[in-house]
Amino acid sequence: MAANFSREQMLKMDPVFLRMHLRERVHHTVEHQLYSAIYGDRKVGPQFGSIAREILDVWEERDLPRDLPDIKWVYTLMELAERARQGETVQPPGAYLPETLSREEMEAWEKLLFGRRSYRQWEDRPVPSELVEKVLEAGMWAASGCNLEIWRFLVIEDPELLVRWENMEFEIEAVKIVCCIDVRGYDDVDIPPPEKNKLLDVGACMQNMALTAHALGLGGCWSTFSPAQIEDIHNYFELPEYIEVVTYLSLGWAREKVMPPARMSYKDAILAWPGRKDEQ
Ligand SMILES: Cc1cc2nc3c(=O)[nH]c(=O)nc-3n(C[C@H](O)[C@H](O)[C@H](O)COP(=O)(O)O)c2cc1C
């Protein structure tokens with residue numbers, strides 16, 4: 001996404017969209033450059049951080065909250081950017097390299113990764129909200145194109161609504177997490193990010209949620225609504241046109257034991273691997 005909104009436009013913009021715009025501009029015009037300056041040979045110029053600063057000025061002028069996690073991250077980066085602009089060598093606080101897991105940690109990770117299944121028959125038992133919140137939090141930590149975080153959720157526990165939007169292949173689940181997208185970061189900007197990212201973001205978010213549900217002992221199944229259900233949900237919740245309903249995760253306490261559907265070997269999925277180092 002690249003958008004060049006005027007100050008006047010930003011002063012009137014819906015705060016959710018402004019927040020998205022701010023995150024994206026900080027990501028592309030500050031974060032990337034800062035790391036390239038620290039670890040690469042890029043130099044930061046006298047205007048470094050000014051694009052993001054202009055948006056942050058509007059954020060402050062509108063007295064929008066500064067203690068939100070992503071906005072605090074923005075402030076941290078803006079402070080580092082300012083110090084780097086003045087020639088200081090900066091170190092981002094709490095930054096880290098990937099770390100190989102210990103054997104026990106790796107076993108736990110593989111248990112989760114290979115053990116996650118789709119479950120479709122559930123006990124008649126509620127899922128505590130605390131567990132649903134853990135699943136949602138995991139979804140938020142998925143990678144997201146341009147750092148836009150376009151996913152939005154409808155969490156449905158009302159039995160009547162669960163029946164209304166049921167999947168005929170399943171029993172009625174205890175909770176349905178519907179994943180929607182806020183498409184303004186794509187549709188209302190001058191240079192939109194790749195269109196496919198909209199759905200890729202949802203996929204990443206859904207996989208995080210499905211894995212976390214499994215880690216919490218819940219049985220989940222990822223599924224997709226019919227076009228008629230999507231329209232009905234959109235109308236029922238009176239969603240604005242910039243919110244699109246995409247897919248959902250059904251959750252409950254599984255009462256069926258399922259066998260893993262064996263996967264084909266990754267070798268059968270590789271189309272090409274030019275330059276492979278240890279070719280046999
Ligand atoms: C995008 C997507 C849509 C799916 N839709 C359905 C569905 O409509 N009904 C269903 O029973 N399962 C659905 N599933 C679950 C798949 O059938 C399941 O993931 C696959 O058979 C592999 O089984 P596993 O999840 O246990 O590894 C869907 C999964 C994905 C990722």
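Numbering of ligands and ligand atoms starts at 1, following listing order. Keep in mind that the numbers below use all heavy atoms, side chains included, and drop hydrogens, waters and symmetry copies.
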Below 4.0 Å from ligand 1: does a non-hydrogen atom of [X] turn up there or not?
{"X": "Phe170", "result": "yes"}
{"X": "Arg116", "result": "yes"}
{"X": "Arg263", "result": "yes"}

Counting only non-hydrogen atoms of the protein, does one fall under 4.0 Å from atom 29 (C) of ligand 1?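 Flag for atom 29 (C) of ligand 1 set to true, protein heavy atom closer than 4.0 Å.
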Between [Y] and [X], is the closest basic N to carboxylate O distance under 4.0 Å?
{"X": "Arg152", "Y": "Glu244", "result": "no"}
{"X": "Glu79", "Y": "Arg83", "result": "yes"}
{"X": "Lys198", "Y": "Asp182", "result": "no"}
{"X": "Arg7", "Y": "Asp57", "result": "no"}
{"X": "Arg164", "Y": "Glu160", "result": "no"}
{"X": "Arg276", "Y": "Asp278", "result": "yes"}

Closest by any non-hydrogen atom to atom 6 (C) of ligand 1: pick that one out of Phe114, Trp222, Tyr248.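 Result: the heavy atom closest to atom 6 (C) of ligand 1 is in Trp222.
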Can you tell which of Pro261, Gly220, Pro260, Ala262 gets a heavy atom nearest to atom 23 (O) of ligand 1?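 Considering heavy atoms of Pro261, Gly220, Pro260, Ala262, the nearest to atom 23 (O) of ligand 1 sits in Pro261.
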Taking non-hydrogen atoms only, is Val258 closer than 4.0 angstrom to ligand 1 via side chain, backbone, both or neither?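 Within the 4.0 Å criterion, Val258 makes no contact with ligand 1.
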For [atom], what's the nearest protein heavy-atom neighbour? Residue, atom name and distance, please.
{"atom": "atom 12 (N) of ligand 1", "result": "Arg120 NH2, 3.1 Å"}
{"atom": "atom 3 (C) of ligand 1", "result": "Thr224 OG1, 3.7 Å"}
{"atom": "atom 7 (C) of ligand 1", "result": "Ser223 OG, 3.1 Å"}
{"atom": "atom 9 (N) of ligand 1", "result": "Glu169 OE1, 2.8 Å"}
{"atom": "atom 18 (C) of ligand 1", "result": "Ser118 OG, 3.4 Å"}

Looking at CD of Glu149 and CE of Met140, how far apart are the two atoms once the value is rounded to the nearest 0.5 Å?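 Those atoms lie 4.5 Å apart.
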Which heavy atom of Glu173 sits nearest a heavy atom of Lys176, and at what distance?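 Looking at all heavy atoms of both residues, the shortest contact is OE2-NZ, 2.8 Å.
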Per-atom contacts of ligand 1 with Cys221, taking only distances under 4.0 Å to non-hydrogen atoms: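 Close to Cys221: 12 (N).
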Would Arg85 pass as a cation-pi partner of Phe48, given that its NZ or CZ must be under 6.0 Å from the six-membered ring centre and within 45 degrees of the axis?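 Arg85 over Phe48 ring: no.
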